[in-house]
Amino acid sequence: VSGMRIVFVATLVFLAAGLGYLIVIGLLQR
Amino acid sequence: MKTFVRENSLSLFFGGLFLAALIGQSVAGLAEYNEQQLASGLQPTSYLPYLASSDFAVDVAENWQSEFLQFFLYVTATVWLLQKGSSESKELDKAGRESDEDQQIGPHASDESPSWVHSGGWRLRVYSHSLGLVMGVIFALSWAAQSIAGRAAFNAQQLSQLQDPLGYWEYVGSPDFWSRTLQNWQSEFLAVASMAVLAIYLRERGSPESKPVGVPHHATGQQG
C-alpha cells in the first residue's frame, strides 16, 4: 500500500472517529 | 521509512501540530473549566472526565465546523468566482466547470485516470464533486456536533444557576449558539478574503500558494 493512501485513509478514519466522538459526547449529556 | 516521511511531510507536520494544539487546548480548557467550577462553588473535575464533557466537545466542534465551512466554500466558490492577479484564482477565462478535455474525462481520460472516471455515469458525477461533498458533510456534522454539545454545556450552566434548560431548537436559535458560530466564521472569511487579495501583490518564493516571485501582478491563476 502506498504512503499517500495510508495518509488519506488514516485522515478519513480520524475525521469519522472524531466527529462520532463529538456527537456522542453531546448526546450522552443531554 | 525515510521516503514515507519526506513524501508525506506536509500532512505529518500539520497532523502533529493539530495533536499538540488539541492536547494544549484540553489542558488549558480543563484549567479554565475548573476555575469556573470553583468560583461557582462546584466540584472541580479531572482530565479524562473533562475530555468526555460537552464543554470540551463544543469548544472543539465550533472550530472544526468553521474550518470545514471555509474549505467547502473555497473549493466550490473558486469554480465560479475570480480574483484578477491572485494565485488563488483560476485564469479569468476559466470560470465554471470547464470542458471535458480540460478535466481529462470522457474520451480525454487516460489509462491512469481514477477508476470512477472510466466508470462514467453516476460514479463520475459523484467523483467530480467528491472533494466539495466530503468537506460539506464534515462541516454539517461538526456544526451538528457543536449544536448538540453546545446545548448540553449551556443547559448544565443554566441548571447550576437554577435557570430553565433550552430545548434543541430553542438552543439553535439562541445567542450562545450563534455567538460561538459567527465568531469562528468571521475570522475564517477574513483570512480567506485577505489571502486571495494579498497574493496579488505579495510573494513567498517557492510556495505553491504564491505566484513565482518574478511574475507580474496582473497574472492570474499562476502558482509557484
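Note that the coordinates shown come from a computational prediction; the quantities given were computed from them, not determined experimentally. The sequence lines fix the lettering, A, B, ..., with proteins before strands; numbering per chain opens at 1.
Looking only at heavy-atom pairs under 4.5 Å with chain A, the residue among B/Val58, B/Leu141, B/Asn8 that has the most is B/Asn8. The candidate with the highest count of non-hydrogen atom pairs below 4.5 Å against chain A, out of B/Gly150, B/Ala145, B/Ala149, is B/Ala145.
If you measure heavy-atom distances from B/Ala61 to chain A, the contacts under 4.5 Å come from both the backbone and the side chain. With a threshold of 4.5 angstrom between heavy atoms, B/Asn155 does not approach chain A through any atom at all. The parts of B/Ser142 that come within reach of chain A are both its backbone and its side chain, each placing non-hydrogen atoms under 4.5 angstrom from that chain.
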Hey, mind stepping through B/Glu188 and B/Leu69 against side-chain contact (heavy atoms from CB on, under 4.5 Å) and telling me if it holds? CA-CA 9 Å; B/Glu188 304 303 334; B/Leu69 173 65; over 6 Å; no
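For the ring-ring contact (aromatic ring centres under 6.0 Å, His included) condition, the pairs that include at least one residue of residues 152-174 of chain B, sequence neighbours left out, are B/Phe154-B/Tyr171, B/Tyr171-B/Phe177. Each salt bridge (charged side-chain N to carboxylate O under 4.0 Å, His left out) pair with one or both residues in residues 156-178 of chain B, not counting sequence neighbours, appears once here: B/Asp176-B/Arg180.
At least one side-chain heavy atom of B/Leu166 sits under 4.5 Å from a side-chain heavy atom of B/Ser174. Annotation: side chain of B/Phe71 is not in contact with side chain of B/Ile138 (no heavy-atom distance under 4.5 Å). With contacts defined as side-chain heavy-atom distances shorter than 4.5 Å, the pair B/Leu131/B/Phe72 does not qualify. Between B/Gln183 and B/Ser179 the shortest side-chain heavy-atom distance falls below 4.5 Å. Looking only at side-chain heavy atoms (C-beta outward), B/Met195 and B/Glu88 come within less than 4.5 Å of each other.
Using bins of under 30°, 30° to 60° and over 60° for the plane-to-plane angle, the ring pair B/Trp143/B/Phe139 lands in the parallel bin.
Taking a 6.0 Å sphere around CD of B/Gln158, one finds it holds more than 12 heavy atoms contributed by other residues, nucleotides or ligands. Shown here is B/Gln163, whose CD atom has more than 12 heavy atoms of other residues, nucleotides or ligands within 6.0 Å.
Contacts between residues 28-52 of chain B and chain A, defined by a heavy-atom separation under 4.5 Å, are made by B/Leu51, B/Ala52. For residues 103-118 of chain B, an interface with chain A (any heavy-atom pair closer than 4.5 Å) does not exist.
Between A/Phe14 and B/Phe18, the ring centre distance stays below 6.0 Å.
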